[in-house]
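To start, the structure itself, in structure tokens.
Order of the sequence lines sets the chain letters (A, B, ...), proteins ahead of strands, with each chain counted from 1.
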Amino acid sequence: MGAEVIVRLPDGSAKQLPAGSTALDLAKSIGKRLAKDAVAAAVDGAEVDLTCVLSEDAEVAILTGGSDAGRTVLRHSTAHVLAQAVLDLWPGAHYAIGPAIEDGFYYDFALRGGATFGEEDIKRIEARMLEIIAEDQPFVREEHTIAEGLALFAQQPYKREIIEGVGSEADLAVEAARDMAPGEFTVSVYRNPTARVVDHDGGFVDLCRGPHVPSTGRLGHFRLLRVAGAYWRGDEHRPQLQRIYGTAWESAQALAEHLHRIEEAERRDHRRIGADLDLFSFPPEIGSGLALFHPKGAMIRQIMEDYSRRRHMSSGYQFAYSPHITKAELFEVSGHLQWFADSMFPPITLEEGHEYRLKPMNCPFHILIFRSRQRSYRELPIRLFEFGTVYRYEKSGVVHGLTRVRGMTQDDAHIFCTFEQMTGELESLLGFVLDLLRDFGLEDFYLELSTRPEGKAAGSEEEWEAATEALRVAAQAIGLELVMDVGGGAYYGPKISVQARDAIGRHWQVSTVQLDFQLPMRFGLEYVGADNARHRPVMIHRALFGTVERFFAILLEHYAGALPTWLVPTQVVVLPVRDDHDPYAEHVAVTCRHAGLRAEVDPADEPLGGRIRRWKLEKVPYVLVVGDDDTTSGTVGVNARGSEHPDRGIALEAFVAAVAAEVESKGSPEKGGGRWSSGPR
RNA sequence: GCCGGUGUGGCGCAGUCGGAAGCGCAGACGACUUGUAAUCGUCAGGUCGUGGGUUCGAGUCCCACCACCGGCUCCA
């Protein structure tokens with residue numbers, strides 16, 4: 001090693017530094033601002049502390065708090081500060097893991113005597129954290145052998161368990177692994193030597209892979225958000241720990257923006273919109289997770305379902321109907337009672353001894369329709385579609401608005417085809433799915449491939465392998481990003497799910513496509529082939545909306561309640577200025593209705609301003625005002641949703657034609673600026 | 001199911017130390033006849049989630065249950 005090292009920077013330039021220089025020295029040599037913003041460094045792609053000595057020539061990048069990698073470091077370091085505060089305030093507490101997560105971090109604790117955190121505790125902890133940050137405690141990295149590590153954390157069972165797992169196969173599979181040192185024989189810890197923690201000598205120390213900021217003074221733009229219970233290593237059979245969630249950012253402004261995004265998501269909450277717009281409700285009288293659709297919500301749902309039916313009809317599907325309840329034996333045959341019973345409502349036992357069950361899925365019924373007579377290869381593929389309402393006994397803590405309910409309607413279909421037809425069916429199906437989703441205004445997708453659920457799967461590994469491969473081929477042919485979801489398949493087969501990103505970047509699982517060799521076998525399905533021999537069909541389960549309820553909720557959140565004109569319950573409201581304009585207002589409404597629009601009149605028995613306000617809050621796409629000028633010239637004053645100013649004097653025919661076209665193209669008033677070019681602004 | 005939190009007219013909220021249940025919006029009725037995001041007035045509406053308990057007295061304190069909210073596990 002010479003007296004100097006040469007580092008290459010991300011912009012391609014190179015820099016010479018004296019031997020023994022640290023990453024922080026490098027940052028300083030580039031600029032003051034960079035040194036101030038730096039939180040860690042990447043040497044040949046590996047993230048390290050700023051205090052790391054650059055001992056050989058390397059590619060080095062300085063990570064700042066403004067980058068994703070830099071924020072991860074900030075959040076991870078803030079999690080350590082949280083742990084230090086909690087250990088100081090709750091003597092004898094055990095600390096488990098505290099990783100950075102999307103937009104923030106958390107840390108899991110077990111308090112002495114099973115104590116729990118309350119709301120007020122959050123404030124105490126935050127105050128203690130601010131003190132720790134004000135003290136500007138250094139983070140110092142240490143390497144220890146496994147034995148030393150175990151001794152260091154003699155009083156900390158969760159840390160010991162993590163250390164004992166270092167290098168094991170299981171270690172790599174658990175989330176905690178991200179929190180750990182690489183390498184088989186050592187563990188790294190970070191120490192805040194100047195920390196004062198009750199009952200702890202030598203400051204505060206935590207097991208951690210790093211890197212961390214040089215000192216706590218670099219932190220500060222954080223907020224603790226909530227407390228929650230969380231199972232140790234995500235296993236509900238293991239102890240439940242107390243988790244504290246927080247968020248942390250590189251600047252006060254970034255923190256404020258994040259808190260604003262949280263508010264924005266709350267504004268879009270479909271439960272709130274559903275109540276405000278009188279779309280649906282969940283009366284306690286009918287039970288948790290069971291929804292009532294009110295007339296306006298039902299109208300939207302009806303439009304969604306009607307459109308879906310039309311698309312299915314033109315895509316070669318046949319319709320089916322099946323009952324909500326059936327003899328339990330059907331679910332013995334299908335395997336649901338073996339694999340899915342936890343999610344089913346308990347049996348209804350009749351006097352003569354038969355047990356009945358509410359259906360959790362529609363597939364067995366469609367199978368019986370297939371099996372009702374002998375089938376020829378000439379009929380295949382057979383595609384049976386139904387809006388099938390199913391009931392699942394979801395655990396009490398998981399129901400959530402319309403996205404997680406106990407009674408739900410799937411836009412469900414089962415395709416029975418030959419093995420040879422399978423790949424083609426899957427590919428055309430994925431095309432159909434994406435086409436339909438785009439009609440509803442979702443545009444940004446990726447696919448997820450869910451594989452065999454270990455221990456919860458029917459059938460052989462070979463069958464699963466073949467089915468998974470067929471799905472993979474179809475998914476790749478579509479050309480969208482594909483991510484793996486290991487072990488996430490249904491008990492009878494692997495699945496592709498379509499994930500949609502909404503207007504504010506959140507993603508939702510919508511469509512699912514599952515390939516199934518098991519149920520055709522269990523039900524002994526057959527068709528007669530061209531060779532006059534009997535063959536077993538392949539089955540594809542698929543739902544495009546997923547469930548109508550959930551898809552409805554996704555649309556409400558995506559559009560923040562301002563649905564495209566074709567989906568909205570009332571498209572046009574006509575407001576007469578005075579009551580002698582009522583007849584003309586009625587004429588306008590009738591003209592709209594003749595063009596197929598949903599229009600109503602709000603008569604002039606209260607002031608115009610109040611009426612406008614009410615319908616605007618209802619998010620009606622077009623609020624028309626008609627007065628003296630309009631009655632004489634056959635025009636309307638148009639208030640398009642989303643625009644600040646009305647367009648007066650628009651010819652009625654021009655308005656109706658434009659809105660009818662907007663409905664046809666599935667557009668929204670927000671996207672239709674400038675249509676009324678004939679009228680003055 | 002588990003952890004934490006919350007339940008007060010249809011909705012949003014106040015209610016102090018355990019001592020007479022309130023406000024705004026919405027609703028009904030009346031007046032106002034209006035050109036672009038809240039017209040004025042009057043009235044009605046609550047066994048304070050449900051059931052127990054403590055107390056001279058409970059919206060308020062305790063217990064159980066129900067529902068909801070945020071998470072964990074699970075999941076469309």
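- Atom pair A/Phe109:CZ and B/rG4:C1' shows a separation of 15 Å (rounding to whole Å applied).
- For A/Arg272 and B/rG10, the CZ to P distance is 20 Å, given to the nearest whole Å.
- Rounded to an integer number of Å, the gap from CG of A/Leu277 to P of B/rA26 is 16 Å.
- Put simply, CD1 on A/Ile122 is 17 Å from P on B/rG70, counting in whole angstrom units.
- In this entry the distance linking CG of A/Leu292 with P of B/rA67 reads 15 Å, nearest Å.
- Backbone-only engagement by A/Gly289 is indicated by non-hydrogen atom pairs under 4.0 Å involving sugar-phosphate atoms exclusively.
- Look at the C1' atom in both B/rC48 and B/rC40: the space between them is 32 Å, to the nearest Å.
- Using modelled atom types, one finds no donor on one side chain facing an acceptor on the other under 3.5 Å when comparing A/Tyr584 with A/Asp630.
- The C1' atoms of B/rG9 and B/rG46 are separated by 5 Å, rounded to the nearest whole Å.
- Look at A/Glu454 and A/Lys456 and you find no salt bridge, because none of the NZ, NE, NH1 or NH2 atoms lies under 4.0 Å from a carboxylate O.
- Taking only side-chain nitrogens and oxygens, A/Thr116 comes nearer than 4.0 Å to OP1 or OP2 of B/rG4.
- Look at the C1' atom in both B/rC25 and B/rU34: the space between them is 23 Å, to the nearest Å.
- Nucleotide B/rG5 holds its C1' atom 15 Å from the CD1 atom of A/Ile244, rounded to whole Å.
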Expected string for nucleotides 71-76 of chain B under the B/S/- scheme (protein heavy atoms, under 4.0 Å, primed atoms plus P, OP1, OP2 as sugar-phosphate) is BBBBBB

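- B/rC69 sits 40 Å from B/rG30 when the P atoms are compared, rounded to a whole Å.
- Comparing B/rA26 with B/rA38, their P atoms are spaced 12 Å from each other, to the whole Å.
- Pairing of B/rG46, defined by two Watson-Crick or G-U wobble distances under 3.5 Å, is not identified with any nucleotide.
- Place A/Phe117 and A/Ser288 on RNA chain B by their nearest nucleotides, and A/Phe117 ends up nearer the 5' end.
- Rounded to an integer number of Å, the gap from CG of A/Leu575 to P of B/rU33 is 19 Å.
- Rounded to whole Å, the C1' atom of B/rC29 lies 36 Å from the corresponding atom of B/rC68.
- Side-chain atoms of A/Thr570 and A/Glu600 form a donor-acceptor pair, as typed in the model, at a separation below 3.5 Å.
- Salt bridge status for A/Arg578 with A/Asp628: present, with a side-chain N to carboxylate O gap under 4.0 Å.
- The side chain of A/Ala604 sits closest to B/rU34 out of B/rG1, B/rC3, B/rU34.
- Contact annotation for A/Arg271: backbone-only contact, meaning every heavy-atom pair under 4.0 Å involves sugar-phosphate atoms and none involves a base.
- Between the A/Arg641 side chain and the A/Lys619 main chain, a donor and an acceptor come within less than 3.5 Å of each other.
- In this structure, A/Glu266 atom CD and B/rG12 atom P are separated by 14 Å, rounded to whole Å.
- B/rG57 is unpaired under the Watson-Crick or G-U wobble criterion, no partner having all donor-acceptor distances under 3.5 Å.
- In a base pair of the Watson-Crick type (N1 to N3 plus N6-O4 or O6-N4) or a G-U wobble (N1-O2 and O6-N3), with each distance short of 3.5 Å, B/rU6 is matched with B/rA67.
- Residues A/Asp502 and A/Trp508 have side chains that bring a donor and an acceptor to within less than 3.5 angstrom of each other.
- The cationic group of A/Arg406 does not satisfy the cation-pi geometry with A/Tyr391, failing either the under 6.0 Å distance to the six-membered ring centre or the 45° limit from the ring axis.
- The closest side-chain heavy-atom distance from A/His336 to A/Cys363 is below 4.5 Å.
- Considering only heavy atoms from C-beta on, A/Ile244 comes within 4.5 Å of A/Val86 through its side chain.
- Comparing the C1' positions of B/rG22 and B/rU16 gives a spacing of 14 Å, expressed to the nearest Å.
- Side-chain atoms of A/Ser281 and A/His294 form a donor-acceptor pair, as typed in the model, at a separation below 3.5 Å.
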Per-nucleotide protein contact string for nucleotides 35-41 of chain B, where B marks a base within reach and S marks sugar-phosphate only (heavy atoms under 4.0 Å, - for neither) | BBBBB--

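- Atom name C1', nucleotides B/rG1 and B/rU73: the rounded distance is 9 Å, in whole Å.
- Salt bridge A/Asp435/A/Arg311: present, at least one basic N to carboxylate O contact under 4.0 Å.
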